[in-house]
K.L.:
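Sharing a structure below in structure tokens format, with a few things to ask.
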Amino acid sequence: MTTPQNPSTATLQAQLAGGTLAGDWTLDPARSTATLKSRSVWGLVPVNGVFRDLEGSGSVSPTGEVTGQFAVATGSLDTKNAKRDTHLRSDDFFLSEKYPAITFSLEKATLTDTGATVSGTLTVRDRSQPISFLVTATVSGDGTVGLDATVPVDRSEFGLTWNQLGMASMKNTVTIHAAFTRS
């Protein structure tokens, strides 16, 4: 049994193949979101946060190759708990003063029937790791390209190992909705 193709994905594939999406693109931060989900107190308490400061850009070649970058400001994470937010910005976690952004550099996008698999490099603090994840894509009537992804991240892979009494989960989920407009 085959998975039915998302009509928006078919539109995106046709536009990439036809070169109509070629050019430079800029993230619209007002229409984009990045959220963080984790668990604390031995998995009993959900921790949800929103990165308030996002930026990004991308380029599409005339032959449909896609490159780009996406960044969230570590100091902009808001979990609605000022003490926790201050701790997340400290040396135990993001060290926001020295490393103001978490970045993803897109190196390759491979279209699938339901979206795309993107591959690139995720950098947190001073550690970079290759990463691949699924993205669903939509093309709206005004020409905006929307990319949606849910990305599991093990923070220990980036040296963020603070975990007093084993209370904080190493497994986190970042959910992104990125809206790009032509530059």
Side-chain angles (χ1 to χ4, degrees), residues 8 25-58 66 68-106 109 115-129 131-140 142 144-164 166-181 183:
S8 188
W25 294 80
T26 302
L27 181 80
D28 181 348
R31 294 169 49 187
S32 302
T33 58
T35 61
L36 173 71
K37 290 186 184 241
S38 190
R39 298 202 67 78
S40 185
V41 189
W42 301 288
L44 299 174
V45 177
V47 176
N48 298 310
V50 175
F51 290 96
R52 302 276 182 211
D53 187 5
L54 316 169
E55 61 181 46
S57 61
V66 180
Q69 65 102 12
F70 180 81
V72 297
T74 57
S76 74
L77 181 59
D78 179 4
T79 66
K80 302 216 181 293
N81 179 314
K83 185 175 179 181
R84 177 174 46 227
D85 294 347
T86 298
H87 188 211
L88 289 169
R89 293 179 184 113
S90 77
D91 186 44
D92 288 337
F93 291 96
F94 296 132
L95 188 54
S96 297
E97 189 174 297
K98 185 172 181 181
Y99 303 103
I102 296 170
T103 61
F104 173 70
S105 296
L106 173 66
T117 299
V118 296
S119 301
T121 302
L122 179 63
T123 301
V124 181
R125 286 179 57 144
D126 57 349
R127 293 208 186 164
S128 298
Q129 297 283 334
I131 188 171
S132 294
F133 52 91
L134 298 174
V135 174
T136 57
T138 56
V139 181
S140 65
D142 67 356
T144 300
V145 174
L147 304 174
D148 292 282
T150 300
V151 184
V153 178
D154 181 340
R155 65 183 174 92
S156 67
E157 292 178 356
F158 297 92
L160 305 180
T161 57
W162 182 93
N163 197 3
Q164 186 176 21
M167 291 178 59
S169 175
M170 292 292 163
K171 309 292 184 191
N172 300 277
T173 303
V174 177
T175 301
I176 299 164
H177 171 72
F180 285 91
T181 58
S183 297

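Nothing here was measured: the structure is a model prediction, and the numbers come from that model.
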K.L.:
Ignoring hydrogens and geometry, is there a side-chain-to-backbone donor-acceptor pair from Arg155 to Leu160 under 3.5 Å?
P.N.:
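Present.
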
K.L.:
Do Asn81 and Thr79 get their side chains close enough for a donor-acceptor pair, meaning under 3.5 Å?
P.N.:
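No, no side-chain donor-acceptor contact under 3.5 Å.
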
K.L.:
List the steps and the verdict of side chain to side chain contact (heavy atoms under 4.5 Å, CB included) for Ile176 and Phe104.
P.N.:
CA-CA 12 Å; Ile176 299 164; Phe104 173 70; over 6 Å; no

K.L.:
At their closest point, which heavy atom of Tyr99 faces which heavy atom of Thr74, and how far apart are they?
P.N.:
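What the structure gives for the nearest pair is O-OG1, 3.1 Å.
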
K.L.:
Could you walk me through whether Phe70 and Leu106 pass side chain to side chain contact (heavy atoms under 4.5 Å, CB included), step by step?
P.N.:
CA-CA 8 Å; Phe70 180 81; Leu106 173 66; over 6 Å; no

K.L.:
If the test is side-chain contact (heavy atoms from CB on, under 4.5 Å), which one of Leu88, Val72, Ile102 qualifies with Leu77?
P.N.:
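When Leu88, Val72, Ile102 are each tested with Leu77, the side-chain contact (heavy atoms from CB on, under 4.5 Å) holds only for Leu88.
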
K.L.:
Restricting to non-hydrogen atoms, name the atom on Leu122 and the atom on Phe158 that form the minimum distance, rounded to 0.1 Å.
P.N.:
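That closest heavy-atom pairing would be O-CE2, 3.4 Å.
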
K.L.:
Taking the side chain as C-beta and beyond, is there a heavy-atom pair between Ser57 and Gln69 under 4.5 Å?
P.N.:
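They are in side-chain contact.
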
K.L.:
Tell me, yes or no, whether the heavy-atom count around Gln129 atom CD, taken from other residues, nucleotides or ligands under 6.0 Å, exceeds 12.
P.N.:
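Count over threshold, so yes.
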
K.L.:
Is a side-chain N or O of Ser32 found less than 3.5 angstrom from the main chain of Ala179, in a donor-acceptor match?
P.N.:
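Yes, the answer is positive, given that a donor and an acceptor are paired below the 3.5 Å cut-off.
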
K.L.:
Report the distance from atom CZ of Arg31 to atom CG of Leu54, rounding to the nearest 0.5 Å.
P.N.:
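Here the interatomic distance stands at 14.0 Å.
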
K.L.:
What is the minimum heavy-atom distance between Arg125 and Asp92, and which atoms define it?
P.N.:
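It is NH1-C, 4.4 Å.
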
K.L.:
Under 4.0 Å between a side-chain nitrogen and a carboxylate oxygen: does that hold for Asp85 and Arg52?
P.N.:
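The answer is no: the pair does not qualify as a salt bridge.
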
K.L.:
When rounded to the nearest 0.5 angstrom, what distance separates CD1 in Ile131 from OG in Ser119?
P.N.:
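Output value for this atom pair is 9.5 Å.
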
K.L.:
Give the minimum heavy-atom separation between Lys171 and Asp154, together with the two atoms involved.
P.N.:
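So the minimum-distance heavy-atom pair works out to NZ-OD2, 3.1 Å.
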
K.L.:
Report yes if the side chains of Asp28 and Thr144 come closer than 4.5 Å at any heavy-atom pair, otherwise no.
P.N.:
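No, side chains not in contact.
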
K.L.:
Measure the CG-OG1 distance between Asp78 and Thr35 for me, rounded to the nearest 0.5 Å.
P.N.:
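With rounding to 0.5 Å, CG (Asp78) is 12.0 Å from OG1 (Thr35).
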
K.L.:
Under 3.5 Å, is there a donor-acceptor pair linking the side chains of Thr26 and Ser183?
P.N.:
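Yes, side-chain donor-acceptor contact under 3.5 Å.
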
K.L.:
Would you compute the distance between atom CD of Glu97 and atom CG of Asp91 and round it to the nearest 0.5 angstrom?
P.N.:
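Reported to 0.5 Å precision, the distance equals 10.5 Å.
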
K.L.:
Taking the side chain as every heavy atom from C-beta outward, state whether Thr150 and Thr173 have any atom pair closer than 4.5 Å.
P.N.:
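Yes, close enough: below the 4.5 Å cut-off.
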
K.L.:
Return the OG1 to NE2 distance between Thr136 and His177, rounded to the nearest 0.5 Å.
P.N.:
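Output value for this atom pair is 9.5 Å.
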
